[in-house]
Structure formats: C-alpha cells, structure tokens
Amino acid sequence: MRRRMLISFLLTLVLAFPCHALSIGGVEPPDRLKAGKTELLLNGAGIRSKAFLKLYVGSLYLTKRQSSHTAIIEADEAMAIRINIISSIITSDMFIENTKAGFTRSTNGNTAPLQSRIDMLLAAFKDKIKKGDNIVVRLTEAVA
C-alpha cells in the first residue's frame with residue numbers, strides 16, 4: 001500500500017507514454033538508465049509547466065516498457081524517475097514544499113505511513129537546485 005502511494009505520486013511527475021529519441025523542453029532523456037545492476041528503459045517523459053513557465057522535465061524508467069499506469073504502480077521491480085530542471089525559478093525549498101503538498105493531496109493528509117520514505121525522497125532535493133541540474137530518484141524492490 002505504501003509503495004503504491006509513493007509510486008502513484010511519483011508518476012504524477014511524468015507522463016507515462018511510450019517514446020524513443022525524445023526531446024522535450026530542450027532535454028533529451030537517455031534511452032537507458034542504471035539502477036544498481038539493473039538497466040532501465042525510458043518509458044515516457046513529460047514537462048511540468050505552471051502558467052506559461054516550463055519548470056522541469058520528468059522521465060520515467062522501467063525494466064520493460066509499459067503503457068498501463070496500474071501495471072506500473074503494481075510492479076514490484078526497479079524503476080527510476082529523472083528530473084531535469086529547465087527553469088531558473090526552481091529552488092530547493094520550492095521543490096520540497098511542492099513535493100510535500102503533492103503527498104498531502106495524494107494521501108488525503110495521511111502522510112504518516114509514508115513519512116520515512118517521503119523524507120528520503122525530499123533529501124534528494126536538499127542541495128541547492130539550479131537550472132540544468134539532473135536529479136535521479138531510484139526505486140528498487142527494497143522500497144516495498
């Protein structure tokens with residue numbers, strides 16, 4: 001249940017549509033990504049915009065391409081999300097606060113069962129974030 005909620009939230013960061021040799025917002029996500037010893041395939045990517053501003057590109061990596069969001073959420077295998085910051089207005093504090101708000105919304109305010117995992121995710125955003133940064137969040141079988 002906790003893994004499902006975490007993955008469900010993270011999927012909101014990217015659009016999970018199949019793609020190849022993709023360029024979004026000036027970002028060309030790599031076709032493959034390593035998560036430990038596992039090679040992951042680019043499954044899809046999307047751009048996060050607010051009003052007229054393009055903020056970041058999120059890319060989803062799975063062990064095999066998948067078009068069903070339910071299958072992705074249910075999967076108990078390695079996966080990763082890569083976030084490419086494309087706006088200079090993004091700050092670490094802003095990313096952390098918006099991520100917290102997203103978890104609060106997606107869990108109807110019941111973040112307690114996921115809090116340790118949320119804190120681990122937020123740690124990825126603690127360093128100063130600037131335009132051009134790439135953040136990779138890896139989820140493995142150990143997350144379950």
Side-chain angles (χ1 to χ4, degrees), residues 1-50 53-108 110-111 113-144:
M1 174 74 168
R2 287 183 261 166
R3 177 180 169 85
R4 182 178 293 159
M5 287 192 308
L6 178 62
I7 293 171
S8 179
F9 172 75
L10 292 175
L11 284 174
T12 64
L13 296 177
V14 298
L15 299 174
F17 59 89
C19 59
H20 309 281
L22 180 66
S23 179
I24 296 180
V27 172
E28 294 182 18
D31 290 334
R32 298 175 187 281
L33 188 71
K34 283 280 208 181
K37 294 180 181 180
T38 305
E39 185 172 79
L40 302 175
L41 305 173
L42 177 63
N43 194 71
I47 192 165
R48 172 68 166 115
S49 300
K50 186 120 182 165
L53 299 171
K54 296 177 180 177
L55 304 174
Y56 61 86
V57 173
S59 308
L60 175 64
Y61 292 85
L62 305 172
T63 57
K64 59 185 174 283
R65 289 192 175 90
Q66 181 60 257
S67 59
S68 165
H69 69 280
T70 303
I72 295 169
I73 292 169
E74 300 276 331
D76 187 20
E77 55 191 41
M79 58 182 71
I81 293 176
R82 180 178 169 157
I83 302 165
N84 298 82
I85 306 298
I86 58 174
S87 172
S88 59
I89 69 163
I90 297 286
T91 66
S92 180
D93 290 340
M94 179 189 300
F95 215 95
I96 288 170
E97 289 309 310
N98 286 317
T99 301
K100 285 179 183 178
F103 273 112
T104 300
R105 280 190 308 273
S106 67
T107 62
N108 293 320
N110 185 21
T111 58
L114 290 172
Q115 196 57 55
S116 64
R117 289 178 176 88
I118 293 170
D119 292 341
M120 286 173 40
L121 174 63
L122 295 177
F125 310 130
K126 69 176 173 43
D127 294 333
K128 183 178 177 181
I129 293 175
K130 63 186 180 312
K131 184 177 179 177
D133 283 350
N134 299 310
I135 303 165
V136 177
V137 179
R138 291 178 179 88
L139 302 172
T140 63
E141 295 84 0
V143 175

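Along the sequence shown, residues carry numbers from 1.
For the side-chain contact (heavy atoms from CB on, under 4.5 Å) criterion with I86, the lone passing option out of L55, I24, I47 is I47. Each of V57, I85, N134 was scored for a side-chain contact (heavy atoms from CB on, under 4.5 Å) with V27, with one residue passing: V57.
With sequence neighbours excluded, the residues that form a side chain to side chain contact (heavy atoms under 4.5 Å, CB included) with E28 are S23. In this view, T104 and T111 satisfy the side chain to side chain contact (heavy atoms under 4.5 Å, CB included) rule, not counting sequence neighbours. Among residues two or more places apart in sequence or in another chain, the side-chain hydrogen bond (donor to acceptor under 3.5 Å, both in side chains) test is passed with S87 by none. Looking at residues two or more places apart in sequence or on another chain, you find a side chain to side chain contact (heavy atoms under 4.5 Å, CB included) between D93 and T91. Qualifying salt bridge (Lys or Arg N to Asp or Glu O under 4.0 Å) partners for K50, counting only residues two or more places apart in sequence or in other chains: none.
Taken to the nearest 0.5 Å, the CZ atom of R105 stands 14.0 Å off from the NZ atom of K100. Put simply, CD on E39 and CG on L33 are 9.0 Å apart, with the number rounded to the nearest 0.5 Å. Note that CD1 of I135 and OH of Y56 are 10.0 Å apart. Values are rounded to the nearest 0.5 Å. Separation of atoms OG1 (T107) and CD (Q115) is listed at 9.0 Å; rounding is to 0.5 Å.
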Practice task
Kindly indicate, with the supporting measurements, whether the criterion side-chain contact (heavy atoms from CB on, under 4.5 Å) is fulfilled by V136 and Y61.
Solution key: CA-CA 10 Å; V136 177; Y61 292 85; over 6 Å; no

Enumerate donor-acceptor pairs with a distance under 3.5 Å from any side-chain N or O in residues 120-130 to protein atoms, sequence neighbours excluded.
{"residue": "K130", "atom": "NZ", "partner": "D133", "partner atom": "OD1", "Å": "3.2"}

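Among all heavy-atom pairs drawn from L41 and R65, the shortest one is CD1-NH1, 4.1 Å. Contact record, Q66 with I72: CG-CG1, 3.6 Å, taken as the closest heavy-atom pair.
With hydrogens and angles disregarded, no donor-acceptor distance shorter than 3.5 Å links the side chain of R32 to the backbone of L42.
At a threshold of 4.5 Å between non-hydrogen side-chain atoms, the residues L40 and K34 do not count as touching.
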